Amino acid sequence: MTQTQGRNQCLSAEIPELSKCSVLMRERCRVEETIYNMQQTGPENLQVISDFDMTLTRFAYKGKRVPTTHNILDNRLLIDENCTKKIKKLLNTYYPIEIDARLSTEEKLPLMVEWWTKVHKLLMEQKIRKDLLAQAVRESPSKLREGYKMFFDHLAEQNVPLLIFSAGIGDVLEEVIRQNHVFHPNVNIISNYMDFDHTGVLQAFKGQLIHTFNKREGALAHAAHLTELKGRQNVLLLGDSLGDLTMADGVSNVQNTLTIGFLNDQVEERKELFLNSFDIVLVKDETLEIPNAILKNIFRTPRCSKRT
Ligand code: TMP
Ligand code: MG
C-alpha cells in the first residue's frame, strides 16, 4: 500500500459522511489528500470563504423556496405591491439565466449586471427605512442551513476567519446572522451594502456592485484590507454557483484549497459542470453536515501521520 492510499483509507474511516450518496467527487483521492494536508497544518492555517444565499441559507424548506437577502425585503413594511411584482418578474426572467448550464459566464455577465442594477434602482425608489430592516428579517421565512450553529461556533472557537462573500444585500445578511446569534468576531463580510441618508432612508448602494459572476474583482479589491487572512494558506470554499469559485482569488500563497458546491437546482443539467468545477458536490443537501464533518476532522490534533 502506498503512503497516500494508507492516509486516504484512514480519512475515509474518519469522515464517513463523505460516503453518502448525495456527496459527489470527481477526484476522491485529491479531496482526501487535501483534507489530510489541512489537518496536518491545523486550524491556525485555515480560512473559510463562503457564499451566503443558498449556500449558508437553505434553498428550500417544506417544499417552498427560502428567500434570498434580496427577497427578504419583499415585506410591505419596506416595499409596495407594485415593486414586489416588478422584482418578482425580474427574478423570473434572470434567475433561469443565472443557472442556465448552456450559457457561458461571459454571456451571463452583462445580464446579471442588468438584473442587479434594475432591482437596486427599484429598491432605492422605495425609500426603504434602515430601522425597519430587522423587523423584516424577523418576519421573513429566511433559514440558515441545518448545522449552521455548529459551523459558525466551531470556526469562532478555533479562531478561524470566516469570510462571507455575497452578491446579496450586506445589511440584510448581517441581520440574519445576528438574529441567529452567530455573528461572531471572526466573521468578515463582503457584500452590497445600503447607503442611508441622515434620516435613515435608502439613497444608494455603496461601492462597486457585486453580482454572482464578478466576485473575482471583489475578491481582489478587498484582499488587501483583510490582513488577518494573510498567512493562512489553506482555504475551504463553499458556494452554490460557479461564480463563487473565484471568491478566493484575492488570497495569496494558497497551499491547499478545497471547494464545496451545493447543487440545489437544475441538478441533472448542471451535475457535470459542478463536478468538473468543485472538489465536492452536494446534491440537494439542505444541511452543513459535510462542511462540519470536514472541519471537525481538520480541527483534531494530527494523528494520522504514522499510519501508512
Ligand atoms: P449570493 O452571492 O449570496 O448567493 O447572493 C446572490 C443571489 O441572490 C443570486 O443567486 C441571485 C439572488 N438574487 C435574488 O434572489 N433576487 C434578486 O433580486 C437579485 C438581484 C439576486
Ligand atoms: Mg449563492
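Computation of the quantities below employed the complete heavy-atom set of this structure, encompassing side-chain atoms and omitting hydrogens, waters and symmetry-equivalent molecules. Computed from a predicted model, the values in this text were never measured in an experiment. Sequence positions, counted from 1, serve as the residue numbers for this chain. Counting convention: from 1, in listed order, for ligands and their atoms alike.
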Just need the protein heavy atom nearest to [atom], so name the residue and atom and give the distance.
atom	answer
atom 5 (O) of ligand 1	D53 OD2, 3.0 Å
atom 1 (P) of ligand 1	D51 OD1, 2.9 Å
atom 3 (O) of ligand 1	S166 OG, 2.7 Å
atom 15 (O) of ligand 1	T68 OG1, 2.7 Å

- Does any N/O atom on A167 come nearer than 3.5 Å to any N/O atom on ligand 1? yes

- Message: Any nitrogen or oxygen of K215 lying under 3.5 Å from a nitrogen or oxygen in ligand 1? Just yes or no.
- Response: yes

Looking just at side-chain N and O atoms, do [X] and [Y] make a donor-acceptor pair shorter than 3.5 Å?
X	Y	answer
N75	E139	yes
D51	T55	yes
T68	N71	yes
Y193	E174	yes
T84	D74	yes

- Query: Sequence neighbours excluded, which residues qualify as side-chain hydrogen bond (donor to acceptor under 3.5 Å, both in side chains) partners of H70?
  - Reply: H120

- With respect to atom 9 (C) of ligand 1, which of R65, H70, E98, M247 exhibits the smallest heavy-atom separation? E98

- Message: I'd like the name of whichever of Y94, Y95, F52, W115 reaches closest to atom 13 (N) of ligand 1 through any heavy atom.
- Response: W115

- Task: Provide the number and element of each atom of ligand 1 under 4.0 Å from a heavy atom of L91.
- Result: 14 (C), 15 (O), 16 (N)

- Could you list which atoms of ligand 1 come closer than 4.0 Å to a heavy atom of M54? 10 (O)

- Distance-minimising heavy-atom pair for F151 and L162: CE2-CD2, 4.1 Å

- Considering non-hydrogen atoms only, spot the tightest contact between L173 and S191 and give its length. CD1-OG, 4.4 Å

- Message: Between the side chains of E268 and K271, is the shortest nitrogen-to-carboxylate-oxygen separation below 4.0 Å, so that they form an ion pair?
- Response: yes

- Could you check if a side-chain atom of F59 sits within less than 4.5 angstrom of a side-chain atom of R65, using non-hydrogen atoms only? yes

- Do we get R145 above F262's six-membered ring, with its NZ or CZ under 6.0 Å from the centre and within 45° of the axis? yes

- Task: Could you tell me if any non-hydrogen atom of H120 lies under 4.0 Å from any atom of ligand 1?
- Result: no

- Query: Which bit of I210 gets closer than 4.0 Å to ligand 1, counting heavy atoms only: side chain, backbone, both or neither?
  - Reply: neither

- List-wise, which protein N, O or S atoms are found short of 2.8 Å from the Mg ion (ligand 2)? D51 OD2, D53 O, D240 OD1

